[in-house]
Amino acid sequence: SVGVALALYAAIFAFARPIADFFQTPQSAAVLRVLGLHVVLTSLVSVHAAILQREIRFKALFVVRFLPALVMGAVSIALAVLGHGVWSLVWGTLAGAGAQVVLYWSACPWRPQWRFARAEFGRMFAYSKWVLLESTLAWLISWGDAIALGHFLGPEALGAYRMGSMVVAYLSNIVFTPLVPVALGLFSRLQSDRPALLDTLVLDCGVLRRDELAGSGLATILARTRR
C-alpha cells in the first residue's frame, strides 16, 4: 500500500498543474502538491487500522482517531489566526495525519516491509479486484458530479454544492460510522455460523434503514429551516 501511495503521489505532483487548470484555479497547483503527501501518510496506517478493527480494539481506534483531529484543528486554527489562509488547512491536515501515524504505530506492532511478495499479491488481487472496481465506481459516482460542476461552473458553485452535500454526509456518518466497524468485526466472527450470520445481517439492515430514514428527515427539516 505504501508503494501504491508513493506512485499516486508522484502522479498528483506531476499533474497538479493540469488538474488546477481543469478546475479554473491555477493557484491551487502548489496546494495539491503539498497536500498530496496526505496520501502517503494515510498509507502508513491503513494496515494498522485494519488490524485494530479485526481485533475489535475500538478504544484504541477512538484514541488514534480523536487525538489527531484535535491536532489538526489546533494547528489549522492557529495558522489561520496568524493569517496563513488556505495553507492553514493544508498544514493542519498534514499535522493531523502525522500524529495519526505516530499513534497507530504505537498502538499496533505491525510494520511495513520493503519487499514485494508476488504470490501473496496475486492471491490478494484475485480476492479484492471486485472490491477495487466497486470502490472506483463508487468514487466516480460520489465525485463525478462535483468534477463536472467545478469544471463548467467554477470553484464558487462547486463550494456551495459541496457544502450542502457535506451536511447530509455528516448526518449519515454520525449514525453509520460507529456501526460499520462493529458490524464487520461481528460478521467475521460469525462467518462459520451461517444461521447466526443471516439473523445478524437482517437485524443490522433493519437498524440501518431506520436510522437512514431518520437522518433523511432531519436533513429535510434543516434545509427547510435554512430557507
Side-chain angles (χ1 to χ4, degrees), residues 1-17 19-20 23 25 27-114 128 131-132 135-136 138-139 142-143 146-147 150 155 158-159 162-163 165-167 169-170 172-174 176-178 180-181 184:
S1 60
V2 177
V4 172
L6 290 173
L8 182 58
Y9 174 67
I12 293 173
F13 191 93
F15 291 99
R17 176 61 65 181
I19 293 173
F23 287 105
T25 56
Q27 67 276 13
S28 64
V31 173
L32 283 173
R33 286 172 174 156
V34 176
L35 193 57
L37 291 171
H38 185 266
V39 176
V40 179
L41 293 174
T42 302
S43 71
L44 293 173
V45 301
S46 58
V47 176
H48 299 76
I51 292 175
L52 293 180
Q53 284 192 10
R54 185 183 64 185
E55 296 176 352
I56 317 183
R57 294 175 57 188
F58 294 114
K59 181 178 180 180
L61 284 170
F62 170 78
V63 173
V64 298
R65 290 172 179 172
F66 178 70
L67 292 182
L70 293 181
V71 172
M72 181 181 67
V75 172
S76 297
I77 293 173
L79 293 178
V81 171
L82 294 175
H84 290 278
V86 67
W87 288 102
S88 61
L89 298 176
V90 173
W91 296 119
T93 299
L94 293 180
Q100 195 171 55
V101 171
V102 173
L103 291 171
Y104 264 117
W105 283 42
S106 299
C108 179
W110 185 88
R111 296 292 181 266
Q113 298 179 358
W114 292 104
S128 62
V131 177
L132 175 62
S135 299
T136 303
W139 184 88
S142 299
W143 287 94
I147 293 173
L158 175 60
R162 289 301 299 173
M163 179 59 68
S165 61
M166 285 172 60
V167 171
Y170 284 147
S172 176
N173 289 338
I174 289 173
F176 297 136
T177 299
V180 170
L184 289 176

(message) Could you measure the distance from the CG atom of Leu6 to the OG atom of Ser43? Nearest 0.5 Å is fine.
(response) 6.5 Å
(request) Please name the pair of heavy atoms, one in Leu158 and one in Ala146, separated by the smallest distance, quoted to 0.1 Å. (result) CD1-O, 3.4 Å
(request) Could you tell me the separation between the CD atom of Gln53 and the CD1 atom of Ile51, rounded to the nearest 0.5 Å? (result) 11.0 Å
(request) With side-chain contact (heavy atoms from CB on, under 4.5 Å) as the test, would you mind laying out the steps for Val63 and Phe58 before giving the verdict? (result) CA-CA 9 Å; Val63 173; Phe58 294 114; over 6 Å; no
(request) Could you grab the distance from atom CG of Leu89 to atom CG of Leu35, nearest 0.5 Å is fine? (result) 9.5 Å
(request) Test side-chain contact (heavy atoms from CB on, under 4.5 Å) on Val34 and Trp91 and set out the steps. (result) CA-CA 9 Å; Val34 176; Trp91 296 119; 3.7 Å; yes
(request) Could you tell me which non-hydrogen atom of Val71 sits nearest to which non-hydrogen atom of Ala99, and how far apart they are? (result) CG2-CB, 4.2 Å
(message) For a quick test of reading the model, state the closest non-hydrogen atom pair linking His38 to Thr93 and the distance between them.
(response) CD2-CG2, 3.5 Å
(message) Between Leu44 and Tyr104, is the side-chain contact (heavy atoms from CB on, under 4.5 Å) condition met? List the steps.
(response) CA-CA 9 Å; Leu44 293 173; Tyr104 264 117; over 6 Å; no
(request) Would you name the heavy atoms of Gly92 and Val75 that are closest together and state the gap between them? (result) CA-CG1, 3.7 Å
(request) Please confirm whether the backbone N or O of Met72 pairs with a side-chain atom of Ser76, one donor and one acceptor, at under 3.5 Å? (result) yes
(message) Over 60° means perpendicular and under 30° means parallel, so tell me whether His48 and Trp110 are parallel, tilted or perpendicular.
(response) perpendicular
(request) For the pair Arg57 (side chain) and Ala107 (backbone), establish whether a donor and an acceptor sit closer than 3.5 Å, ignoring hydrogens and angles. (result) yes
(message) Looking at every heavy atom in both Ala16 and Ala29, which two are closest together, and how far apart are they?
(response) CB-O, 3.6 Å
(request) Enter the distance from Arg65:CZ to Leu70:CG here, rounded to the nearest 0.5 Å. (result) 15.0 Å
(message) Are more than 12 heavy atoms, taken from residues, nucleotides or ligands other than Phe23, located less than 6.0 Å from that residue's CZ atom?
(response) yes
(request) Determine whether more than 12 heavy atoms belonging to other residues, nucleotides or ligands lie under 6.0 Å from atom CH2 of Trp87. (result) yes
(request) Measure across Leu32 and Ile12 and return the closest heavy-atom pair with its distance rounded to 0.1 Å. (result) O-CG2, 3.7 Å
(message) Quick check for you: to the nearest 0.5 Å, what is the distance between Ile19 atom CD1 and Thr25 atom OG1?
(response) 10.0 Å
(request) Report the residue from Leu37, Val4, Leu41 that forms a side-chain contact (heavy atoms from CB on, under 4.5 Å) with Tyr9. (result) Leu37
